[in-house]
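A short write-up of the structure that comes next.
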Amino acid sequence: MPSLATLPFLATISRLLLRSLPFIGDPKVIGGPKAKAPNQSFPKGALIMRWSQYFLYTSREVPADAEVISHQLMSRAGMLRKHAAGIYSFLPFGLRSMSKMMGIVRRELDAVGCQELEMPVVQPAELWQESKRWRKYGKELLRVKDRHGRDFCLGPTHEEVVTDLVRRNVKSYRQLPLNLYQIQTKFRDEIRPRFGLMRGREFMMKDAYSFHADDTCMDDVYQAMHGAYSRIVEACGLDYIVVDADSGTIGGSSSHEFMVLADTGESAVIRCKASGYAANVEKAVTKLETPEAPASDVLEEVATPGLTTVEQVAKHLGVDPSQMVKTLIYEHDGGIVAVAIRGDREVNEVKLKNVLDAEWLRLADAEKVSRATNAPVGFAGPVGLSVDRLIADTTTQELKNFACGANKVDAHLTGVNWGRDAEVTEFADVLMVVEGDADVESGEPLETFRGIEVGHIFKLGTSYSEAMNCNFAAEEGPDKPMIMGCYGLGIGRTVAAAIEQNHDKDGIIWPLPLAPFQVLLSALNPAADDAVREVAERLYGDLETAGYEVLYDDREMSPGAKFKDADLIGLPLRVVVGSRSLSNGGVEFSLRRAPQEREIVAVGDIIERLGRALEELS
Ligand code: ATP
Ligand code: MG
């Protein structure tokens with residue numbers, strides 16, 4: 001690998017570091033729902049801006065790779081610009097919204113006793129070797145070498161660094177619990193960066209880590225963080241649900257995801273309205289009725305020439321696909337495994353990976369399949385396999401006299417029974433739940449829908465503290481490893497999710513707490529019309545004095561183009577000064593949410609009108 005100094009990463013790294021500097025804004029007063037003062041988010045000097053001088057260039061062009069509306073609108077509204085796949089600059093207009101999001105996050109986390117710190121983007125390999133993730137994390141971890149040939153990575157997450165920090169400073173139960181957070185740029189070399197800020201490679205995340213002496217304390221802090229996350233997502237005006245989630249490569253016992261509902265979301269969520277059950281499809285469970293067993297328990301081989309699908313074979317054998325077992329051969333870091341599942345269902349590979357405690361998992365190639373089954377791909381069955389393990393889904397446990405592949409070309413077996421004909425290593429839930437399956441608690445059909453995972457919280461247990469010797473002196477008895485929790489929230493992804501949920505065909509409709517500015521003040525033909533210019537300039541000054549966040553569209557361009565831009569960038573409140581409005585007695589006021597409902601308001605009353613509108617929107 002070339003040295004760090006010769007790589008473009010150096011530029012990336014210095015930018016990452018710069019980007020991690022604290023952001024403007026007083027977090028304690030941002031966007032509080034009952035806040036009266038309009039100047040809630042930015043210090044004086046950063047409240048107002050003339051568009052003619054602003055680094056804000058809108059566009060009609062939709063980037064070719066912008067598949068989702070938030071990406072399209074963020075690009076067109078001049079919030080971001082792409083440099084490489086998943087790598088963006090946030091331009092001033094976009095950064096203002098991100099800063100507001102960060103302000104909300106700080107307010108809510110500070111309120112539950114979480115302390116902000118800043119950890120390095122560039123992390124030494126030794127820490128990752130201690131946790132064993134240097135090998136486990138795979139290709140998402142961008143590894144680099146410094147000039148001395150030492151290994152580093154760009155932090156995709158900070159469990160290792162924070163555990164190192166805490167083990168060196170916290171020695172006693174008296175110093176616990178501890179809850180630390182940062183808002184910082186992460187780098188993950190995602191296999192498929194897409195959807196703009198939703199799945200970037202370099203992206204801004206809030207990550208928090210808590211340390212505890214016992215489980216009760218862990219549970220309390222987990223609940224407090226759960227509450228803080230709910231308040232953050234609610235403050236952004238988002239429609240969301242919290243779902244049970246898989247703990248993934250990070251490990252741990254319990255985890256929840258905060259899902260913003262959106263058709264374009266990458267996550268599939270399962271929900272039962274009757275019981276309130278909600279889970280990521282990767283984790284979702286159901287109960288299935290066991291189908292009636294075919295009559296004959298005699299193990300027989302039946303010719304099935306040219307029949308390749310489960311449906312074709314089932315029809316030929318006169319059984320239902322649910323009375324069949326299909327067998328898939330996987331390979332993983334622990335060897336070759338066969339998975340038996342009902343013929344009408346699919347394997348959930350996330351569940352399977354967890355059952356196997358595997359670092360990686362994939363369907364075996366043709367050669368390995370033929371070695372395991374003694375037949376080409378497509379004829380596998382559980383009887384007479386040569387594999388390391390045979391995992392059978394729990395919904396096959398009660399099946400009797402079932403049909404399955406015969407490990408032989410163009411043949412199937414009928415009358416098969418577990419135990420007598422095939423030895424299962426383990427029955428385990430590896431079933432992919434689908435819409436309409438029964439909820440375990442209520443028995444009602446489960447619904448599926450799409451969601452954007454904006455936040456993810458985990459109870460980590462002691463896996464990191466044990467691996468890295470992060471121990472404390474307990475009140476009694478020997479030293480113990482600390483119990484840990486971790487809590488991630490995507491800043492850019494949440495802003496993008498807010499746009500997914502708040503837009504129309506013309507552009508963004510900012511929820512007030514995330515709006516880059518509260519007010520768009522627009523002057524129509526200001527150069528040609530002295531009265532318009534004078535009123536607009538005066539209002540601009542007055543609004544600044546009154547503490548509003550104002551973008552002043554003083555540009556020389558056609559009123560039509562200005563209205564189009566106004567809709568596109570979507571600021572919540574709009575004040576238009578034009579010759580027509582002045583001759584009608586004032587300026588035109590409207591809300592981005594209802595652009596057709598315009599009011600003429602006397603110039604002297606507009607500040608009061610804006611104040612009322614802000615309160616209504618808060
Ligand atoms: P995903 O399943 O979407 O890859 P993850 O489980 O890898 O997410 P975490 O490690 O839990 O994500 O990260 C915490 C939060 O960081 C996520 O909830 C999400 O909001 C954000 N996030 C994760 N990966 C990305 C990314 N590539 N781009 C933007 N935000 C991300
Ligand atoms: Mg991920």
Side-chain angles (χ1 to χ4, degrees), residues 16 19 68 70-71 74 80 82 84-88 90 94 98 101-102 104-105 109 133 136-142 154-160 162 181-209 225-226 228-230 232-233 236 238 240-252 254-260 262 264-269 279-283 349-350 353-354 450-460 464 484-500:
L16 292 179
R19 194 153 320 145
V68 296
S70 57
H71 187 190
M74 283 172 133
L80 47 77
K82 180 169 134 183
I87 297 181
Y88 294 88
F90 297 107
M98 301 278 282
M101 178 70 219
M102 292 185 255
I104 294 168
V105 168
L109 292 190
R133 285 208 295 181
K136 274 194 193 176
Y137 208 91
K139 291 188 174 171
E140 264 184 36
L141 188 67
L142 186 62
L154 297 191
T157 175
H158 278 67
E159 283 80 11
E160 283 77 3
V162 77
Y181 79 96
Q182 63 177 349
I183 298 178
Q184 196 215 32
T185 300
K186 301 278 184 262
F187 194 95
R188 293 184 183 179
D189 203 354
E190 298 275 357
I191 186 163
R192 212 171 150 216
R194 57 183 188 155
F195 299 163
L197 298 193
M198 296 270 189
R199 187 165 296 284
R201 291 197 293 167
E202 188 183 304
F203 60 95
M204 193 76 76
M205 193 204 285
K206 186 287 301 168
D207 46 328
Y209 307 88
M225 292 298 273
H226 192 295
Y229 267 53
S230 303
I232 290 167
V233 187
C236 299
L238 292 167
Y240 75 103
I241 61 166
V242 185
V243 305
D244 273 358
D246 178 64
S247 311
T249 52
I250 242 163
S254 167
S255 108
H256 290 91
E257 284 168 344
F258 287 71
M259 290 282 182
V260 169
T264 49
E266 287 187 283
S267 306
V269 177
N280 189 318
V281 74
E282 293 174 344
K283 170 94 179 196
E349 293 184 355
V350 174
K353 198 163 164 241
N354 290 341
R450 311 293 306 173
I452 301 166
E453 178 212 311
V454 295
H456 198 170
I457 60 177
F458 302 82
K459 284 183 196 169
L460 286 175
Y464 290 92
M484 288 173 59
C486 84
Y487 318 86
L489 187 132
I491 302 293
R493 194 183 278 188
T494 309
V495 171
I499 295 175
E500 288 290 326

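Remember, it's 1-based here, ligands and their atoms both numbered in the order they're listed.
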ask   = Does any N/O atom on G490 come nearer than 3.5 Å to any N/O atom on ligand 1?
value = yes
task = Look only at interatomic distance and state if V454 has a nitrogen or oxygen under 3.5 Å from any nitrogen or oxygen of ligand 1.
result = yes
query = Does T157 reach ligand 1, in the sense of a heavy atom lying below 4.0 Å from it?
reply = no
key: Sequence-distant partners of R450, side chain to side chain donor-acceptor pair (under 3.5 Å), two or more places apart   = none
message = Below a 4.0 angstrom heavy-atom separation, can you tell me which part of L197, side chain or backbone, both or neither, approaches ligand 1?
response = backbone
request  = Would you kindly specify which portion of R493 sits under 4.0 Å from ligand 1, judged on non-hydrogen atoms: side chain, backbone, both or neither?
outcome  = side chain
inquiry  = Side chains of E257 and S267: any donor to acceptor distance under 3.5 Å?
reply    = no
key: Those atoms of ligand 1 less than 4.0 Å from some heavy atom in E190   = 24 (N), 26 (C), 27 (N)
inquiry  = Counting only heavy atoms closer than 4.0 Å, does ligand 1 sit against the backbone of E453, its side chain, both, or neither?
reply    = both
ask   = Roughly how far apart are E202 CD and L154 CG, rounded to 0.5 Å?
value = 8.5 Å
query = Sub-3.5 Å donor-acceptor pair from the side chain of S255 to the main-chain atoms of A245, do we have one?
reply = yes
key: Geometric N/O contact L489 with ligand 1, under 3.5 angstrom   = no
query = Looking only at non-hydrogen atoms, which of K186, R188, M198 approaches atom 10 (O) of ligand 1 most closely?
reply = R188
ask   = Is the backbone of P156 close enough, under 3.5 Å, to the side chain of R188 for a donor and an acceptor to pair up by distance?
value = yes
query = Going by the order shown, which atoms of ligand 1 are within less than 4.0 Å of some heavy atom of G455?
reply = 18 (O)
message = As an exercise, state the distance from NE2 of H71 to CD of E500, rounded to the nearest 0.5 Å.
response = 11.0 Å
ask   = Nearest heavy atom to atom 4 (O) of ligand 1: which of R199, E202, R194 does it belong to?
value = R199
request  = Return the set of residues passing side chain to side chain donor-acceptor pair (under 3.5 Å) with K82 (not counting sequence neighbours), or none when no residue passes.
outcome  = D65
query = Do side-chain atoms of R194 reach the backbone of R199 as a donor and acceptor pair under 3.5 angstrom?
reply = no
